[in-house]
Every structure is written in structure tokens, then in C-alpha cells.
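See below for the structure under consideration.
Whatever order the structure lists ligands and atoms in, that order sets their numbers, starting from 1. Just so you know, residue 1 is the first one in the sequence shown, and it goes up from there. Scope of the values below: all heavy atoms of this structure, side chains included, with no hydrogens, waters or symmetry mates.
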Amino acid sequence: MARLVMKFGGTSLADLDHIRNVARHVKREVEAGHDVAVVVSAMSGATNQLVEWCRQAAMLHDAREYDAVVASGEQVTAGLLAIVLEGMGVNARSWQGWQLPILTDNAHGSARILDVNGAELIRRFNEHKQTAVIAGFQGLHKETGRITTLGRGGSDTSAVAIAAAIGAERCDIYTDVDGVYTTDPRVVPKARRLDKVAFEEMLELASLGAKVMQVRSVELGMVHNVRIFVRSSFAKPEDIDSKAPPSGTLICDEGDIVEQQVVTGIAFSKDEAQISIRRVEDKPGVAAAIFGPLADSNINVDMIVQNVSADGATTDLTFTVPWADYERARATIEKAKPAIGFERIDGATDVAKISVIGIGMRSHAGVAAKAFKALSERKINIRAITTSEIKFSVLIDAAYTELAVRTLHSLYGLDRA
Ligand code: ASP
Ligand code: MG
């Protein structure tokens, strides 16, 4: 029978009542004949609490011990779910990352998965019909024998990695929304749920602000071609008709999408800050003098705009960084001033990045131009623009975020009828 991964997020496991509901979902799939590997997050809020305790213990703490602490949230939910499943007559056992093992590198706090051994899970499916309940978010660094964690939201990535390792037919991500939407429905009530979205588009949506899944999980799904299905955990298991196709969003290969729209979705992020360096000397090596130190400080630079200088001597250079890194970025540039040579730094933190995404852009011209016109008609000023093959982003004043998103959502025909 087909193998299935079912992943449940923290809000779906918030307390024992929720855990019982999850167990009924699992039981439903087991009774339908599937071999199931469940991947769980910690109870909602639990990881935040653990992180906070680490901070209170010592602002600067050993990342290996941080991982030992924060990995514990998933150990609790995995064990509890296994207990509840057993009580319902489902043969189940819990697994921690090190027990499988899920091997990672040693980047504690944001480790990458190197290998997942699914052999024992498969043996138990075949010989004992045993359901596996696996603690997400955690792994093992083999050389040091230490527990690692995969970065916030990392249990999505655990789930996809396990799906690849056991050759699952699908990786179901059960969450508090019933799929991936054209944009955030709280901002645009007319946002539509997508039936399908291509890996590449989902990667952009997730990277650019849509918070449905951890970016790395989508990356991993794309590499291993794992079909990921985002669906609601709040639906009552009894109400799901196992014969009808479930409702949700399938993240899949673009070849599996028959009717490709030009624009698939709009993401936005207010966690941006703009830095403009005024009257930078216009000479070779300046960009390196600016962006080298930022990279060394691990600051991610996103949009970059540089003018061709009018006087041949100096120019302005604008770029964006994550809002949280704004002060650090300014200080880094200030420190590198002698090497760079400029007049002053201007900055703004009340900015937002709006991104329009769609694989169809590859073969359609003028998609972005349409947006620029529509935004100007709304008197929304564009501070910076970036484009790539399947998306473009504009940086605007944060106050206009909602208006801009709604305008573009209608413009590209994404509104629900
Ligand atoms: N519990 C972890 C977190 O809150 C991992 C996850 O939920 O995916 O980030
Ligand atoms: Mg999550």
C-alpha cells in the first residue's frame, strides 16, 4: 500500500484535544490502508518558550545546548501522539531524530539535513503495520553525537526529507490554513486558494513573505520531487470523504500544471529596510567594499539599485536588508567608510516589498510594466525594483502595502469571482 507522510504544525497539536483530533486523522489514513509516517511540531508556543529560557539563562549561550533545549518540544508531542494512537488501537511508536537517524551538518540552530535513514520505518511498515510518529525539527550531527535543530519552522523540512527517504506517494502538510492562497486572505478577502502551485513559485512565495512553509522544505521537495499537499488539520476527520479528492493545494512539478496562469500569487513583506549611500565614489571596487563587509557580517542584501553617475565622480547606491539587521548594516557601512568613500547614509525602515510571482512570466512580456502603471495611478511611489525570470518585486512605503497588494491582485485577475 502507498506510503504517506502526514505533518502537523504546532497549532494543530496545541493541547490533548487537538492531539486527539490529529490522531483521528492518522487513524483515518491507516484504515484507508496507508503506511503512515507522522511528523510533528512542538505544541504552539512551546518552542518560543524554550528559546526564551535559553536567552534568560544566558544571552550568549552555546548553540549546541540551545539545540538540546529547543529540540525537546517535539519529543513531547511525538510521545503524546503515539500514546493517543495506541489508545485508539493504532500500532504506533515515536521516533526522535537521532534514533532513525536524521543526520545533519553541525550548523546548530539552523542545521541542514544530510541524510535520512528510512529503512527501519519501511521494515516496520511491512512486518508490523506500525505507524511512525517522528519528532520534527531535530537531527543528529554524527561526528560529535550532538542533537541539532533545523531552524524555525524546520519540521516542514523534516517531513519532506522523510517523504523522500521512504519514497512516499505524498507529503501532506496539515496546518491552520486550508492551502496556499494567491495572497494573504487577511489582506485581500478575495484571495483564492490555489489548486496547484509549482515548486519554483512556492519557493518564491515562501522566500518573499508567504509564511505557509519553511523555505528549505520547498527546496528539498523540488530536488527530490516530493509532491507536497497543504491542507487543513481543523477539518473533522469524520467529515472527510476518502473517495473524493481532498481540498488543499498541491505543490508539484510545473509539468503537472496544465493551466498555467501568468501570475500565480503575490507575496509581501514589511520586514524590510532601505539603506541609501549618498555620493559614493564612482570607481571600480566600490560595490565590493560595500557588500563584502555586509556579507562577512552575515547580512542578507536583497534589492540593489545603483545609478550611473551624472558627474562621473559620485553616485547613489540603494539596497535593502532585513529590518532586524538594519542597525547592524548601517554600522557595518559606517565602519567601512574609509574604504568605500561616501558622503552620508540615509535609511528608511517603514518600507515594504511587494512581489508578483508566476512561471508564466518567462514567456510573457510587459507583466511588470502593467504593475508600474497601476501603482502610479494609485499614487504609490516605487523606491526600488528587482526582477528575475519568474518574479518582480517593488519596494514602497509600508503604509501603502495593503492598497498595493489589492491593486495588483485585481490587476492580474486573481480575485475570486
Ligand atoms: N517547533 C519548531 C518551531 O516552532 C519547528 C516547527 O514548528 O516547525 O519553529
Ligand atoms: Mg510551521
Taking the cut-offs as 6.0 angstrom to the six-membered ring centre and 45 degrees off its axis, would you call R55 and W53 a cation-pi pair? no
Should we say atom NZ of K337 is surrounded by more than 12 heavy atoms from elsewhere, each under 6.0 Å from it? yes
So is [X] touching ligand 1 or not, going by heavy atoms under 4.0 Å?
X	value
G154	yes
Q214	no
G153	yes

Give the single entry among R152, Q138, K7, E74 that approaches atom 5 (C) of ligand 1 most closely by any heavy atom. E74
If we ignore angles and hydrogens, is there a donor and acceptor under 3.5 Å between the side chains of H409 and D415? yes
Numbered in order shown, the ligand 1 atoms found under 4.0 Å of a heavy atom of S41 are 6 (C), 7 (O), 8 (O)
Residue list, side chain to side chain donor-acceptor pair (under 3.5 Å) with Q214, at least two apart or on another chain: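 In terms of side chain to side chain donor-acceptor pair (under 3.5 Å), with neighbours along the sequence ignored, Q214 is linked to T157.
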Would you mind listing every ring pair (Phe, Tyr, Trp, His ring centres under 6.0 Å) that reaches into residues 7-39, with sequence neighbours excluded? F8-Y174, H25-Y174
Within-cut-off N or O pair, T47 and ligand 1, under 3.5 Å: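 Between T47 and ligand 1, an N or O pair is found under 3.5 Å apart.
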